[in-house]
Amino acid sequence: MIRPFNFSAGPAALPEEVLQQAAAEMLDWHGSGMSVMEMSHRGKEFVSIYESAEADFRELMAIPQNFKILFMQGGGLAENAIIPLNLSRGESADFVVTGSWSDKSQKEARKYCDVHIAASNEGSDRTSLPPSASWNLRPNARYVHLCSNETIDGIEFQELPDLKALGTEAPLVVDFSSHVASRPVDWSKVGLAFGGAQKNLGPAGVTLVVVRDDLLGHALPICPSAFDYKIVASNQSMYNTPPTYAIYIAGLTFQWLKRQKEGEANAQVWGVAAMEKRNIAKSQLLYDAIDHSQLYFNHVSKDCRSRMNVPFFLRDESRNEAFLDGAKARGLLQLKGHKSVGGMRASIYNAMPLAGVQALVDYLQEFEKKHA
Ligand SMILES: *Cc1c(COP(=O)(O)O)cnc(C)c1O
């Protein structure tokens, strides 16, 4: 069966090989006589699945040993509360607000600490990023939060700021939900990074948190035990029952990522570096097609356009329905934009092959010709 190309922003398409392997292992995982869904999380079978997933993620993302990897629940939105509960000490935190998700984060943090907006791109109508040299950071902030890829607005940091160079020792907290594993991360600049799995790593239900050791152990007394990073870390993410099946599928996705290679034999890259090459090629192909058309446009500054989420609009919005119907008939699914901004959005995460983006570009051109 040939499956359609799925441009959903999340939960999003998974690599077909991952789905096939999960199907093949559904009734009997590796001769255990059980589905992964039916196993005790403390049994040796699931513990081996967990340990491989953690080790593979650490290797893929080149996460240093002084960071813990936590598999949590509650998604990115729960982390908006869990982070201030663990890091703020009831004092203060600075936020760089560049779109819908970082705005949600700062609003939630206000329940737990003193929040200051260090920079915002509201004035540019969320089409550019405020340069880090202009950020108004407070010396006493317990952390600085940003969202490195704004899924709805289609804005991505091409480089993380170096907070030390900006004069603060505060740790950088990064919401990388929608582009984790699409490009390497410079961990020397990061204190904590978090993301729900359902965009680029696996199914909904598991949230990855990568946190530097020195940030553990400062939770507020009101922090729920199951959300206290130190308790989660010292129990290998099994203080309470973890989302076992979601961790298993994420683990299969990590194995798939490890198999991905790009480039000639003498200059071959693998894993996240291979994905980055592919993601650059995919996003360029799509943005070029949009920029060269009379019918479609994207209004984000070229220096911060997202490689993962490409929002675009039809100049004639009365054709939106026809555009989406025609796309669906061609096997191009879930292109409707987020309800808060309208228009269209193509999310082209790691699992989207270049052929899928090419099929979308072909359709964009054909639809434009037909309606010129
Ligand atoms: C999807 C998303 C979230 C929210 O994740 P939930 O799992 O729904 O809580 C947070 N931040 C970003 C950048 C996202 O794309």
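Note that ligands are numbered from 1 as they come in the structure, with each ligand's atoms numbered from 1 the same way.
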Can you tell whether the side chains of [X] and [Y] come within less than 4.0 Å, N to carboxylate O?
X	Y	answer
Glu276	Arg307	yes
Arg330	Asp325	no
Glu262	Lys277	no

**Request:** Mind jotting down which residue pairs meet the ring-ring contact (aromatic ring centres under 6.0 Å, His included) criterion with at least one end in residues 325-350? Sequence neighbours excluded, please.
**Result:**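 Pairs touching residues 325-350 that pass the test: none.
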**Prompt:** So which pairs with a foot in residues 251-272 pass ring-ring contact (aromatic ring centres under 6.0 Å, His included), sequence neighbours left out?
**Reply:**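 For residues 251-272: Phe57-Phe254.
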**Request:** Only counting residues at least two apart or in another chain, list the ones meeting ring-ring contact (aromatic ring centres under 6.0 Å, His included) with Phe367.
**Result:**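 Expected list: Phe323, Tyr363, His371.
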**Prompt:** Listing by chain and number, which residues have a heavy atom under 4.0 Å from ligand 1?
**Reply:**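 The answer is Gly75, Gly76, Leu77, Trp101, Cys147, Asn149, Thr151, Asp175, Ser177, Ser178, Gln198, Lys199, counting any residue whose heavy atom sits under 4.0 Å from ligand 1.
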